Protein chains: 2
Amino acid sequence: MRMHNPPHPGQVIKQLCLEPLGVSVTQAAQALGISRKTLSAILNGRARISPEMAVRLSIAFGTSAESWLNQQTQYDLWHAEQRRKQLQVTKLAV
Amino acid sequence: MRMHNPPHPGQVIKQLCLEPLGVSVTQAAQALGISRKTLSAILNGRARISPEMAVRLSIAFGTSAESWLNQQTQYDLWHAEQRRKQLQVTKLAV
DNA sequence: GCGATCTGTAACGTGATAGGTTACAGTGAG
DNA sequence: CTCACTGTAACCTATCACGTTACAGATCGC
């Protein structure tokens, strides 16, 4: 179980993609082919990165779609682990 | 871009978890605390493994939640990549 | 001050997904 | 035949990923 709350990938996108290029949210949304609202939600952690969005990011920013998706997975998993004890599951194997 | 269509994680669950333990779909669904229908859908590739489901699997079968989720990510990503050319995205960086 | 631009976000809608229950038909063991 | 297991269809609900439109606040040039 991971110890630290991983940052949502939106933060990372902002810092690693938008800011270095001096690109505004509006411009980036247009380039990605999505609405400004959708990108804003991602950047501010109110939306997850879908597989399709990961591919869009990889095209626009020349990065690996897999890395964005893995970051999202780590983020989701951490939050799911926080609710682990509330799940009614019977252990079947060691 | 990955070359081969990765198997859906349901196949792997069946082969690596249910069959070695001689556990039926019905029994496994009860242990996981989900409906038989939901498990059947996962095993037959008609449903994805959610973060919560990954945690359930990790409890019941003593496996890593992360590995199930990563498998799902690879599967989703492969299918998203297949539609890469249909996305209207402008390249912003090299 | 004034207009232009950027930003977050609320209010709506759509289509897809994850989950549930119930019910039915097919298979295989005994 | 009977019983357990299985897939799956029909139906419901809640949530999510998108979209458009519209508004309010910040910031900038002039």
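Numbers restart at 1 for each chain; the letters A, B, ... are given by sequence-line order, proteins then strands. Because only heavy atoms are used, hydrogens play no part in the values below, and waters and symmetry mates are left out as well, while side chains stay in. From a predicted model like this one, the values you see are computed outputs, not experimental measurements.
Here the options are B:Leu43, B:Leu39, B:Ile42, the test is side-chain contact (heavy atoms from CB on, under 4.5 Å), and the partner is B:Lys14; only B:Leu43 passes.
In this structure, the CG atom of B:Asn44 is 11 Å from the P atom of D:dA9, given to the nearest Å. Atom NE2 in B:His8 sits roughly 17 Å away from atom C1' in C:dT17 (whole-Å rounding). Rounded to a whole Å, the CG atom of A:Leu87 is 15 Å from the C1' atom of C:dA18. Between the P atom of C:dT5 and the CD atom of A:Gln30 lies a distance of 12 Å, rounded to the nearest Å. The interatomic distance linking B:His79 (NE2) with C:dT17 (C1') rounds to 16 Å, in whole Å. C:dT7 atom C1' lies 13 Å from atom CG of A:Leu18, rounded to whole Å.
A 6.0 Å sphere centred on CD of A:Glu19 holds more than 12 heavy atoms belonging to other residues, nucleotides or ligands.
For the OP1/OP2 pair of D:dA4 and a distance below 4.0 Å, the side-chain nitrogens and oxygens of B:Thr26 include no atom meeting the criterion. Between A:Ser40 and the phosphate of C:dG8, there is a side-chain N or O to OP1/OP2 separation shorter than 4.0 Å.
Under the 4.5 Å side-chain contact rule for hydrophobic residues, B:Val55 and A:Val89 share a cluster.
The minimum heavy-atom distance linking B:Arg84 with A:Ile59 is given by the pair NH1-CG1, 3.3 Å.
Side chain to side chain, B:Trp68 and B:Ser58 fail the donor-acceptor criterion of an N or O pair below 3.5 Å.
Judged by distance alone, the side chain of B:Ser40 and the main-chain N or O of B:Arg36 form no donor-acceptor pair under 3.5 Å.
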Would you list the protein and nucleotides 14-21 of chain D atom pairs, both N or O, that sit under 3.5 Å from each other?
| residue | atom | partner | partner atom | Å |
| --- | --- | --- | --- | --- |
| D:dA17 | OP1 | A:Arg48 | NH1 | 2.8 |
| D:dC18 | OP1 | A:Ser50 | OG | 2.5 |
| D:dG19 | OP1 | A:Ser35 | N | 3.2 |
| D:dG19 | OP2 | A:Ser35 | N | 2.9 |
| D:dG19 | OP2 | A:Ser35 | OG | 2.8 |
| D:dG19 | OP2 | A:Thr38 | OG1 | 2.5 |
| D:dG19 | O6 | A:Lys37 | NZ | 2.8 |

